[in-house]
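One structure is given below, encoded as C-alpha cells.
These numbers were taken from a predicted model, which means no experiment stands behind them. Numbering of residues begins at 1 and proceeds along the displayed sequence.
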Amino acid sequence: MKTITHVKSVSLAALAAATLLSAPAMAQAPAEDSDTIIVTAGKRDEDIRQVALSISAVTGDQLKAMNANSLSDYITRLPGVVFNDYQPGISEVVIRGVAATTYHEQGQTTVGYYLNEVPIVEPGFPIGIPDVDTFDLQRVEVLRGPQGTLFGSSTLGGLVNYVANVADASKIDAAASGLIGTTKNASGELNYAAKAMINVPLVQDQLALRLVAMQRSDAGYLDNPGIGVNGSNDFRSRGLRGSIVAHLGETTKVTFLSSYQDSKLDDQTYLDLKNPYIRDLPRAETQKTDFWMSSLRLDQEIGDIANLTVLGSITKKNNTTVFSYPYAYVTGVTTGDGAAYSVGDADALIKTVEARLASAGEGPFKWLVGISYMQAKKNSYDQIFQSGAGAFIDANPDLFGGYSGAQLTPGDRLYGYYTTSTNEDFGIFGELSFKPIEQFEITVGGRYFDTTAKADVLNQAGALGGYPGGYTPTDSSGSVNQKEDGFTPKVTLAYRPSKNLMAYATYSEGFRVGGINPNAGLLPSIPQAYESDKVKNYEAGIKAQTPDGRFAIDLTGFQIDWDNIQARLFGPAPSYFSYVVNAGGARIKGVEFSGTVNVNRMVRFSSNVTWQDAKITTFLPYPFDAAGLGGYPKGTTLPGSSKWSISNNLTLTFADVSGAPTFDVAHRYLSSAPTSFDDVSRRGDFNVFDLRASVGVGEKVRLMAFANNVFDKYGVLNAPFANDAFVPQGSIIRPRTIGLRFDWGL
C-alpha cells in the first residue's frame, strides 16, 4: 500500500473544495507532480486531479484550519451539497437535491455514508447517521452523483467517505486539540472540546498502534419555559478510535480499525419559528445515539498483476429518543407530567464483507472486479404514553366504547408498535477501462444486486388504535417480505490532453431499497410496504488549472431523472404519523462550479457556486387526503432544493512573519426553498459570514480565534411541521459563536 501524504500542491477538486488553508506553503499552490492528494473514490488509489468524477476531498489539515468539528461545519461549503441539520445523530446530507424531505428520510438515506470504505448506515429508517468527528481524519471524500456501480444502494445523490488515519509503523506521532467558546443565548454555558492522539510503532516499520480520544460539548441556545430551562438543547459528543496495522512482508498489510462515538442531546434543536429561540414544551425531548464499528482489512499485492483487498466489518448502533406531544389526547392534559410523550428505542447490527481485485501498474487496460454482502438486523419499539390515561378511561367508559383503561392503555400507553427487520444485500461489481490512445479513456462498469427484506410489525392495543376515531383493545401483527434484483450500469468517457486539463462525460445509475410502513394500520389507504426507487444521471465536466497552479476551475453540468420516488408524507393532526409511498418522478438539472485563484503569496480566493432546478415531472398523489390536497402537480419543487448555493473564502497568509499568521473570511449563501412538498414554509434565503485568525507559536502549536455566524443571522434550515401551530416547527442556524482553539502536534 502506498502512503498517502498531504503536501504543498492541492489538486483541482481539493482546491475548489477547501474553504481555507493555513500553511504558508499551501498559499503558493505550486503544481509539482509529486505533490498530490490520493483518493479512493474508484476503490483504488488515484490522483484526485485525474479522477473522471465529480469529487471533493477536504484534507485533515484543511478541516483543522477551518475549525471544523462536525458535518455542518464543512459539508455545506462543497458544491452541490446541502445539509438537513435537524436532530443530531440522524441529520442527513443531501447531494444534488435528491431528497423528498428536509426532515430525514423514513427509508434508506439518499446519500451513502462510509468510514474507511465501510458502510455505516443500514437499509430502511436510519437508526443513526454517524457524524464522525473530524479530529485525526486524513480526509473526507464527497462523491457527487449516483455511485450504484461500485458502492451499491443508498447512493442516489452520492456518498460521503470519512477516511480516518490508521497506525503508522514508521514513526512516533502525537497530537492534541482544545477549544473553548461561547454561543449567543447560551445562558452562560461554554462550548468546549478536548481531543488527543498517539501513534506508537511496536515493531519499527512492521507493527504499530494508534489511539484517539475526543469529547466535545456544544452549549444549548434555545429556551424551553415548559420545563423551566434556558439553553435547554445542550449537546455532547465523545468517542474513541483505535487501529493496529501490521506489515507482513513487503506485499501484505493487515489493518484493524475500531471506532466508537456516542452523542447525548438534552433537548431537541427545533423550535417555533414564530417565537425565535423558544421551544415551549412540557417535557424535555432527549436523544441518545451511539455507534461502534470494527473492521479488519487485508491488502495484498499479487506480483505486478493485481492488488487484492478483503474487508469485513461489524457495526452496532443504538438510538433512544423522547418526543413531547402537546395534544389533549385521552386526559385533556397538555402541560407538565400529564402531557403525552413518546419513547422510541431502536438498535441495529450491520455485518459487511467485500473482496475485490484491481489491476496493478500502467497500461492501456485497467480493471476491477469484486463481490460484496451486507446483512442488517434492526429492532425498533415506539410507544406513546400519557400519565393517568388508564384512570381517566375507567372513570369515563362511555367515551371510549366501553373499554377499560387496562384494555386500551396498559401502563398508560396510548399506542405502540414494534418492528423487527432483516435486510440482505448481495452484489457483484466491476469496471473496465481502456485507453486506445494515451489521452482518451473509456470506462464501463456495472453491479448486479440481489436484495431481500423481511419485517414483522406488531401494532399494540391502545387508545389510538384504529385511528382516527376508533379504539382497538387487541394487538395485531403482520409480516412483509420483499425481494428484488437488478443491474446498475455506468459509462465514462475521459479526455486528458495534458496533466492540467481533463474533460469527461458520465452516465450512471443509483438505487435505494424498499421498506415497510409500520403505521399502515393507523392510516387508511396506506400500503404496508414501499418499493425501491432509482435515479439515472447524465453529467459532463471539465477540470483545469494553469501549470503554475495559480488558477483552477472545476465545472460540471448534470441532469438526474428520479423515478418511483420514495416520498415521506405525514398524516393529519394530532399524531402526524409518517409513512412512505412510491409515486411520481422528478428531474434535477444543475451546474456546479468551483474556482480558485492564488493572487500572490499572501492572497487566495476560492468560490463554489451551484445552480439547481429540481422539480416533480409526474404527479405525486397524496393518499391520506384529509386536507383535500389531492397531490402535488408537475412542476412542484423538491423539498429543500435551493436554486442557488454559494460558498466563498478569502485567505490572507503572512508567510514571512513570525508564526505565519493567517486571516480568513468565509461566506455562505443559500437561496430560498420549500421545506416540504406543500410549500407551507421556506428555508434558506440567508448569508452567513465566519471569521478566523491563527498564528503559530513555536514549531508545534497553532492558536486560532474564531467567530462563526459573526452577524448572528437567523436562518431557517428546515420546517417539516410548519402547518401546525401546536408543535415546534423547524431548526435554525446556530447563533453567533466565538472562541479560541489550539492545535499541537509533533
Closest non-hydrogen atoms of Arg683 and Val82, given as atom of the first, atom of the second and distance, are NH2-CG2, 3.6 Å
In chain order, what residues pass the salt bridge (charged side-chain N to carboxylate O under 4.0 Å, His left out) check against Glu354, with sequence neighbours excluded? Lys43, Arg356
Using ring pair (Phe, Tyr, Trp, His ring centres under 6.0 Å) as the criterion, list what pairs up with Tyr504, not counting sequence neighbours. none
In a table with atom names and distances, give each donor-acceptor pair under 3.5 Å that connects a side chain of residues 585-592 to protein atoms at least two apart or in another chain.
{"unit_1": "Arg587", "atom_1": "NE", "unit_2": "Asp561", "atom_2": "OD1", "d": "2.7"}
{"unit_1": "Arg587", "atom_1": "NH2", "unit_2": "Asp561", "atom_2": "OD1", "d": "3.3"}
{"unit_1": "Arg587", "atom_1": "NH2", "unit_2": "Asp561", "atom_2": "OD2", "d": "3.4"}
{"unit_1": "Glu592", "atom_1": "OE1", "unit_2": "Arg96", "atom_2": "NH2", "d": "3.1"}
{"unit_1": "Glu592", "atom_1": "OE1", "unit_2": "Arg144", "atom_2": "NE", "d": "3.0"}
{"unit_1": "Glu592", "atom_1": "OE2", "unit_2": "Arg96", "atom_2": "NE", "d": "2.9"}

Excluding sequence neighbours, so at least two apart, what forms salt bridge (charged side-chain N to carboxylate O under 4.0 Å, His left out) with Asp131? none
For Phe434, side chain to side chain contact (heavy atoms under 4.5 Å, CB included) partners two or more places apart: Pro364, Phe365, Pro436, Ile442
Leu159 backbone acceptor or donor facing Thr155 side chain under 3.5 Å: no
What side-chain donor-acceptor pairs closer than 3.5 Å can you find for residues 109-116, not counting sequence neighbours?
{"unit_1": "Thr109", "atom_1": "OG1", "unit_2": "Val111", "atom_2": "O", "d": "2.8"}
{"unit_1": "Thr109", "atom_1": "OG1", "unit_2": "Ser154", "atom_2": "OG", "d": "2.9"}
{"unit_1": "Thr110", "atom_1": "OG1", "unit_2": "Val98", "atom_2": "O", "d": "2.8"}
{"unit_1": "Tyr113", "atom_1": "OH", "unit_2": "Val93", "atom_2": "N", "d": "2.8"}
{"unit_1": "Tyr114", "atom_1": "OH", "unit_2": "Phe151", "atom_2": "O", "d": "3.1"}
{"unit_1": "Asn116", "atom_1": "OD1", "unit_2": "Ala164", "atom_2": "N", "d": "2.7"}
{"unit_1": "Asn116", "atom_1": "ND2", "unit_2": "Ala164", "atom_2": "O", "d": "3.4"}

Main-chain N/O of Phe429 paired to Arg447 side chain as donor or acceptor, under 3.5 Å: no
Any side-chain heavy-atom pair from Asn537 and Phe558 closer than 4.5 angstrom? yes
Side-chain donor-acceptor pairs of residues 638-646 under 3.5 Å, sequence neighbours excluded:
{"unit_1": "Ser641", "atom_1": "OG", "unit_2": "Gln612", "atom_2": "NE2", "d": "3.0"}
{"unit_1": "Ser642", "atom_1": "OG", "unit_2": "Ser671", "atom_2": "O", "d": "2.7"}
{"unit_1": "Lys643", "atom_1": "NZ", "unit_2": "Asp613", "atom_2": "OD1", "d": "2.6"}

Is there a donor-acceptor pair closer than 3.5 Å between any side-chain N or O of Glu431 and the backbone N or O of Leu150? no
Does a side-chain heavy-atom distance below 4.5 Å link Met66 with Tyr74? yes
Under 3.5 Å, side chain of Asn598 to main-chain N/O of Asn600, donor-acceptor pair present? no
Could you tell me if the side chain of Ile542 sits less than 4.5 Å from the side chain of Thr556, heavy atoms only? no
Find out whether Glu441 and Lys366 are in side-chain contact, i.e. whether some heavy atom of one side chain is under 4.5 Å from a heavy atom of the other. yes
Test side-chain contact (heavy atoms from CB on, under 4.5 Å) on Thr636 and Phe677 and set out the steps. CA-CA 7 Å; Thr636 299; Phe677 281 112; 4.3 Å; yes
So, Thr506 versus Glu539: side-chain donor-acceptor pair below 3.5 Å or not? no
One pair to check against side-chain contact (heavy atoms from CB on, under 4.5 Å): Val245 and Arg297. What are the steps and the verdict? CA-CA 10 Å; Val245 173; Arg297 175 173 177 148; over 6 Å; no
With a 3.5 Å cut-off and no angle check, do the side chains of Ser508 and Gln147 form a donor-acceptor pair? no
Could you tell me whether the side chain of Glu141 and the main chain of Thr40 form a donor-acceptor pair under 3.5 Å? yes
4.5 Å side-chain heavy-atom contact, Ile55 and Ile48: yes
Taking Thr309's backbone N and O only, do any of them form a donor-acceptor pair with Gln300's side chain (distance below 3.5 Å, no angle check)? no
Polar side chain donor-acceptor pair, Asn165 to Asp136, under 3.5 angstrom: yes
Among Ile38, Val39, Asn307, Leu368, find the residue that satisfies the side chain to side chain contact (heavy atoms under 4.5 Å, CB included) test when tested with Arg44. Leu368
Pair Thr59, Asp61: side-chain N/O donor-acceptor within cut-off below 3.5 Å: no
Any idea which heavy atoms bring Gly445 and Thr149 closest together, and the distance? C-CG2, 3.8 Å
With Glu438, which residues qualify under salt bridge (charged side-chain N to carboxylate O under 4.0 Å, His left out), at least two apart? Lys435
Would you check if there is a donor-acceptor pair between the side chains of Ser532 and Glu484 at a distance under 3.5 Å? yes
Working note: Leu156 + Asp533, criterion side-chain contact (heavy atoms from CB on, under 4.5 Å); need CA distance, chi angles, decisive distance, verdict. CA-CA 9 Å; Leu156 297 183; Asp533 53 358; 3.8 Å; yes
Gln50 side chain to Asp47 main-chain N or O, any donor-acceptor pair under 3.5 Å? no
Taking atom types as modelled and ignoring hydrogens, do the side chains of Asn69 and Thr134 form a donor-acceptor contact shorter than 3.5 angstrom? no
Just one of Thr610, Asn608, Asp554 clears the side-chain hydrogen bond (donor to acceptor under 3.5 Å, both in side chains) bar with Ser594, so which one? Asn608
With side chains defined as the heavy atoms from C-beta onward, is the minimum distance between His247 and Thr252 less than 4.5 Å? no
Got Phe83 and Leu71 here, is their nearest side-chain heavy-atom distance under 4.5 Å? yes
List the residues meeting side chain to side chain contact (heavy atoms under 4.5 Å, CB included) with Ser313, not counting sequence neighbours, and say none if there are none. Val118, Ser295, Thr352
Could you pull out all residues at least two apart from Glu122 that satisfy salt bridge (charged side-chain N to carboxylate O under 4.0 Å, His left out)? Lys317, Lys378
Mutual orientation of the aromatic rings belonging to Tyr507 and Tyr538 [parallel < 30°, tilted 30-60°, perpendicular > 60°]: tilted
Sub-3.5 Å donor-acceptor pair from the side chain of Lys543 to the main-chain atoms of Ala552, do we have one? no
Residue pair Leu652 / Val603, side-chain heavy-atom distance below 4.5 Å: yes
Between Ser91 and Asn84, do the side chains contain a donor N or O and an acceptor N or O under 3.5 Å apart? no
Test side-chain contact (heavy atoms from CB on, under 4.5 Å) on Arg604 and Ser606 and set out the steps. CA-CA 7 Å; Arg604 177 180 179 273; Ser606 64; 4.0 Å; yes
If the condition is side chain to side chain contact (heavy atoms under 4.5 Å, CB included), which residues does Arg668 pass it with, not counting sequence neighbours? Thr76, Arg77, Phe686
Counting only N and O atoms by type, is there a donor-acceptor contact under 3.5 Å from the side chain of Thr653 to the main-chain atoms of Ala655? no
State, without any angle test, whether Ser498 and Asn500 hold a side-chain donor-acceptor pair at a distance under 3.5 Å. no
Give the C-alpha distance, both sets of side-chain angles, the deciding distance and a yes or no for side-chain hydrogen bond (donor to acceptor under 3.5 Å, both in side chains) between Ser153 and Gln108. CA-CA 9 Å; Ser153 65; Gln108 192 174 25; 3.1 Å; yes
Val369 meets the side chain to side chain contact (heavy atoms under 4.5 Å, CB included) criterion, sequence neighbours left out, with Leu357, Trp367
